[in-house]
Amino acid sequence: MDRYEAVIGLEVHVELKTKTKLFCGCSTEFGQAPNTQVCPVCLGLPGSTGVLNKKAVELAARAGLALNCQINTDTWFDRKNYYYPDLPKGFQITQVFQPIAVQGYLDIKAEDRDKRVNINRVHIEEDPGKLVHASGSIMTSRASFVDYNRSGVPLVEIVSEPELRSGAEAKAYLEKLKAILEYTGVSDVKMEEGSLRCDANISVRPSGSAILGAKAEIKNMNSFRAVQRAIEYEVERQIEVLEEGDSVTQETRTWDESQGITMAMRSKEDVDYRCFIEQEIAPVELTADWVENMRATIPELPDARRRRLVDEHGLPDYDAGVITSSLSLAEFFEATLEKYEDAKKISNWIMGELLRLLNARGMELGESKVTPGGLASLLQLIDKGTISNKMGKKVFAVMFQEGREPQQIVKEKGLSQISDVDRLAEIIAEVIGKNPKPVADFQSGKEQAIGFLVGQVMKATKGQANPGAVNSMLRERLAK
Amino acid sequence: MQISGKDVGQLAFLSRLDLTADDLTICTKSLNEILGYLTVLEELDTGAVKPALHVRPIKNVLREDALQPGLEREQVLANGPEVEDGAFVVPRIV
Amino acid sequence: MDLHTLPVYRLSELMARKEVSSEEITRAHLECINRTEDRVKAMVTVTAEAALDQARAVDDRRAAGEELSSLAGVPMAIIDNICTMGVKTTCASHMLYNFIPPYDAEVVSRLKDTGAILMGKCNMDEFSIGPADEERGPQAPASRSDGGAAAVAAGEAAFVLGADTEGSLRQSAARCGVIGLKPTYGRVSRYGLISYASSLDQIGPLVRDMQDLALVLNAICGHDARDSTAAAVKVPDYRKCLINDVRGLKVGLPLEYLAHVEPQSAAVVRQAADRLAELGAICREVSMPHTAYALPAHYIISAAEASSNLARYDGVRYGFRVDDEDVQGMFSKSRGRGFGRAVKTRIMLGTYVLSAANYDDYYVKALKTRTLVQQDFERVFEKCDCLLAPTGSGIACCDPAADLSATCDVAANLAGLPSLSLPFGLVDGLPVGLQFMARHFDEEVLLRVGYTWQENTKHKNKP
């Protein structure tokens with residue numbers, strides 16, 4: 001029994017999938033030249049006033065509904081006041097007092113256990129701008145540069161209750177959250193573009209204690225794996241502090257990916273954000289009709305889809321879990337299934353070849369060229385014996401890269417199996433003629449000698465023969 | 001309720017206002033006068049009163065998610081006290 | 001003919017009849033500025049060349065037979081906290097000494113569309129809060145709180161757009177003997193009005209004649225898709241509201257207001273009520289028991305909002321900046337030297353009342369008081385069409401107890417109501433203003449009562 005228990009809560013910031021910013025019509029497109037997507041509103045110019053983006057409200061409500069939250073009928077915006085150069089108005093417009101959604105939950109499975117993680121709140125807020133540090137050494141650079149393209153980009157912050165107990169649970173929570181947000185079209189959830197960011201509040205306490213220890217807030221984790229590692233590191237660090245008889249300092253710490261450690265950050269001096277209601281943005285009343293209309297736009301969520309793949313298509317639960325963890329995979333799977341009926345075979349190829357290639361190249365499904373129709377045709381070619389399973393993998397790699405039809409690839413590269421019995425018979429006769437010893441061995445009862453002969457035939461055909469057919473033809477000839 | 005020069009120093013810090021010694025003296029006096037005046041509200045019983053969250057009961061003022069032209073970068077940077085490479089320059093932030 | 005003394009509607013008629021050109025009118029006003037500005041100090045920026053160019057363009061359009069708005073070719077000035085594209089907009093603060101907005105406020109673009117001529121920007125208190133410190137050097141303009149009203153009174157512009165957060169537009173109108181209207185909160189777009197207190201600020205016209213008021217309101221009122229608070233409420237043709245008839249109009253006299261001002265001012269209001277009664281209005285005394293709490297509540301709310309609205313002046317994107325190695329040091333030095341003492345005091349008061357420890361006792365208390373003040377109005381407007389009160393003489397900065405008459409003005413801001421100040425005339429040698437307040441979006445009744453007053457008191461009480 002562990003002597004300590006970790007108490008972990010996650011604050012996840014997710015960029016909403018809107019074309020324009022939260023309070024103005026500037027583009028949210030990622031990666032544009034600095035300060036080219038700004039207007040008086042998101043630049044905080046004196047006198048500017050904004051108007052709320054309806055799509056942002058609807059996406060945030062959709063996130064709340066998909067996370068089983070209650071939607072607050074009356075919701076509004078507040079100002080959080082602090083001074084930082086990336087914050088053009090000197091305050092952030094966010095929801096402090098009356099967030100759009102509260103009291104939801106998310107079901108996860110981690111370390112082979114099912115768990116329900118409660119969600120405290122989902123609220124809408126605007127992103128600040130971005131600080132870029134001058135090139136060269138951080139110690140020698142004189143200045144930082146501010147780019148306000150991100151300023152005003154709509155976000156939701158999803159705050160879990162402190163109910164997670166390990167890095168693995170946190171990772172499972174994030175994976176599930178990501179899938180739900182992707183399924184519902186709330187966000188692109190691309191961590192590398194900053195459209196999903198996660199901070200973790202971590203404390204430890206003696207097992208069985210109900211008192212919360214001092215917590216550290218960990219920032220700057222750039223992947224789900226990093227979140228897991230950072231939490232595992234931080235929990236161990238805090239346990240060591242307690243074991244040495246010291247107490248944990250309440251502070252903000254940053255995760256250093258290369259060193260694999262967390263480090264204390266300079267403490268924030270403004271602890272009092274002096275939040276008060278925003279007067280320049282109208283409150284929102286989410287009427288029952290509106291909420292029901294939004295609920296109706298929520299598609300089948302990962303858990304339901306997983307159950308359906310098991311129940312309707314007989315997929316093993318594990319396979320269904322992997323395939324439904326991402327909307328694009330699930331859609332790819334089902335589109336393939338419309339043209340090819342063996343669900344388990346499709347799942348094997350998706351989980352085997354497709355995911356292997358994606359992971360190896362660090363790509364998203366959308367970036368590969370393989371199509372569901374292509375995979376279905378490939379599986380049919382294998383079934384017909386036109387190509388072997390092994391050949392199929394080579395063809396698949398080409399489809400993945402170039403996106404052409406498998407028949408075409410097979411034809412161009414001369415990959416089809418030699419199923420012409422006469423041609424194969426000629427080659428087999430040749431091999432028998434050249435290898436009298438193994439032939440004699442086999443005929444005298446040494447069963448394993450057949451393997452050598454099959455291998456020789458395969459070599460002579462450059463692998464294009466069907467090994468099963470070769471085997472049976474050889475036996476037939478040698479039995480004569 | 002009286003506030004001290006030290007309290008005002010803290011308010012000045014939170015408000016990012018460098019105060020001169022004269023500023024501090026004068027502002028402290030002014031703030032105490034105002035706070036003294038504001039005590040008149042204490043006599044008003046507002047226990048059961050709902051706060052006026054907005055001046056008028058407006059709600060659901062929303063815009064469609066449609067692109068609008070913004071500013072040209074030259075306009076964005078034209079008022080900047082220090083700009084370089086299309087961005088605003090501030091002292092180095094570690 | 002002294003063109004710079006004529007009201008807007010007369011200038012409009014003369015131009016329509018081609019008796020004078022906009023260029024002549026504009027020159028007359030520019031000459032007035034040259035002659036009087038040293039003494040009046042009503043303007044912080046004069047855009048003489050651009051004004052003449054605009055005037056000639058209007059004259060060309062008229063010559064080409066184009067049908068033009070009543071305001072086409074009429075010289076106007078805009079208070080310096082309303083953004084004008086390409087024209088310096090400083091809020092009379094050193095903090096914005098060099099700020100040139102890259103955009104026009106909604107009201108400015110609407111007026112430009114009518115063909116009105118921008119003469120320049122009017123002086124004001126620093127950020128409308130208080131006088132700028134004098135020792136802050138040559139770059140800071142010397143602030144004058146009533147620049148807009150003074151410009152109209154002196155004939156530097158035929159009309160002015162000002163702003164009103166705590167009554168300053170109405171008070172300055174009263175002091176300068178002109179007409180000032182704070183419209184309903186939401187009647188006029190605030191897009192481009194540099195915020196002091198977002199829930200209290202409202203743009204309004206300063207004019208010399210009620211007919212001019214109707215013309216300017218017609219141009220600036222109405223919904224704006226860029227300002228969430230600009231209401232989509234139908235706008236009438238205000239010229240049709242200029243009705244010289246108050247028979248049957250129910251006018252309330254709030255007793256608590258009369259108790260808050262000097263006896264002479266109270267006497268003026270009673271005198272005005274008698275005059276309106278002679279004209280057929282039904283005047284009666286009403287009680288608004290929370291009047292005394294309006295000013296402290298206004299103080300707290302305006303300071304809270306100001307502390308946040310003025311946080312953006314940090315020396316990063318525009319305005320005054322003092323360099324420092326540390327970014328937070330740069331903020332503090334820039335703000336410390338860029339703002340005057342009155343502004344700094346107000347920001348710190350706002351920081352104080354919003355701090356976690358004081359939030360409920362001050363900020364929430366003030367919001368609750370605001371509810372009570374609003375309810376006072378709702379009750380009296382069940383029985384009255386409008387209220388008559390003195391126009392206050394303004395808040396003496398940092399010394400609220402010194403001038404309780406400010407109470408008369410701030411309540412309309414707290415409740416978001418339309419409020420009109422009319423010149424009554426001189427009392428003991430000083431100009432005095434009458435204030436009429438009405439229900440939300442009922443500027444119509446104010447035009448009616450104001451026009452009736454004007455038409456029946458002409459040639460009398462001239463300041």
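These values consider heavy atoms only, across backbone and side chains, with no hydrogens, waters or symmetry-generated copies. First the proteins, then the strands, lettered A, B, ... as listed; each starts at 1.
- The aromatic rings of Phe331(C) and Tyr83(A) are tilted relative to each other, their planes meeting at an angle between 30° and 60°.
- Heavy atoms only, all atoms of each residue included: Pro40(A) and Tyr103(C) are closest at CG-CD2, 3.7 Å.
- In this structure, chain A has no heavy atom under 4.5 Å from any part of Ala105(C).
- Rounded to the nearest 0.5 Å, atoms CG (Leu367(C)) and CD1 (Ile277(A)) are 8.0 Å apart.
- Scanning both residues, Val51(A) and Ala225(C), for their nearest heavy atoms gives CG2-O, 3.2 Å.
- Heavy atoms of Arg317(C) lying under 4.5 Å from chain A belong exclusively to its side chain.
- When each of Ala357(C), Cys83(C), Gly192(C), Ser195(C) is checked for heavy-atom pairs under 4.5 Å with chain A, Gly192(C) comes out on top.
- In this structure, chain C has no heavy atom under 4.5 Å from any part of Cys24(A).
- Annotation: Lys215(A), atom NZ; neighbour count of heavy atoms from other residues, nucleotides and ligands within 6.0 Å does not exceed 12.
- Side-chain atoms of Arg312(C) come within 3.5 Å of backbone atoms of Leu45(A) as a donor-acceptor pair (strictly under, hydrogens ignored).
- Heavy atoms of Phe23(A) lying under 4.5 Å from chain C are absent altogether.
- Counting only distance, with no hydrogens or angles, the side chain of Thr229(C) and the backbone of Ala282(A) share no donor-acceptor pair below 3.5 Å.
- Of the two parts of Glu305(C), the backbone and the side chain both hold a non-hydrogen atom closer than 4.5 Å to a non-hydrogen atom of chain A.
- Taking a 6.0 Å sphere around NZ of Lys112(C), one finds it holds more than 12 heavy atoms contributed by other residues, nucleotides or ligands.
- Contacts of Ser189(C) with chain A are absent, with no heavy-atom separation under 4.5 Å from either backbone or side chain.
- Closest of all the heavy-atom pairs between Pro46(A) and Tyr318(C) is CD-CZ, 3.5 Å.
- Here the side chain of Asp272(A) pairs no donor or acceptor atom with the backbone of Ser355(C) at under 3.5 angstrom.
- Counting heavy-atom pairs closer than 4.5 Å to chain A, the top-ranked of the candidates Glu325(C), Arg190(C), Glu106(C), Arg226(C) is Arg226(C).
- Chosen from Gly90(A), Gly25(A), Gly44(A), the residue pairing most often with chain C at heavy-atom distances under 4.5 Å is Gly44(A).
- With a 4.5 angstrom heavy-atom cutoff, Asn309(C) touches chain A via backbone and side-chain atoms both.
- Using a 4.5 Å cut-off between heavy atoms, Phe127(C) makes no contact with chain A at all.
- Heavy atoms of Ala230(C) lying under 4.5 Å from chain A are absent altogether.
- Just one residue in the list Arg79(A), Arg274(A), Glu278(A) forms a side-chain hydrogen bond (donor to acceptor under 3.5 Å, both in side chains) with Ser308(C), and that residue is Arg79(A).
- Between Gly50(A) and Ser228(C), the shortest heavy-atom distance links the atoms O-OG, 2.7 Å.
- In terms of modelled atom types and a separation under 3.5 Å, the side chain of Tyr363(C) and the main chain of Phe276(A) share no donor-acceptor contact.
- Heavy atoms closer than 4.5 Å to chain A are found in the backbone of Ala304(C), but not in its side chain.
- For the atom pair Ile194(C) CD1 and Ser48(A) OG, the distance stands at 9.5 Å (nearest 0.5 Å).
- For a residue to count as touching a neighbouring chain, one of its non-hydrogen atoms must lie under 4.5 Å from one of that chain's; by this rule Tyr191(C) touches chain A with backbone and side chain alike.
- Heavy-atom pairs under 4.5 Å with chain A were tallied for Val353(C), Asp314(C), Thr351(C), Val327(C); the largest tally goes to Thr351(C).
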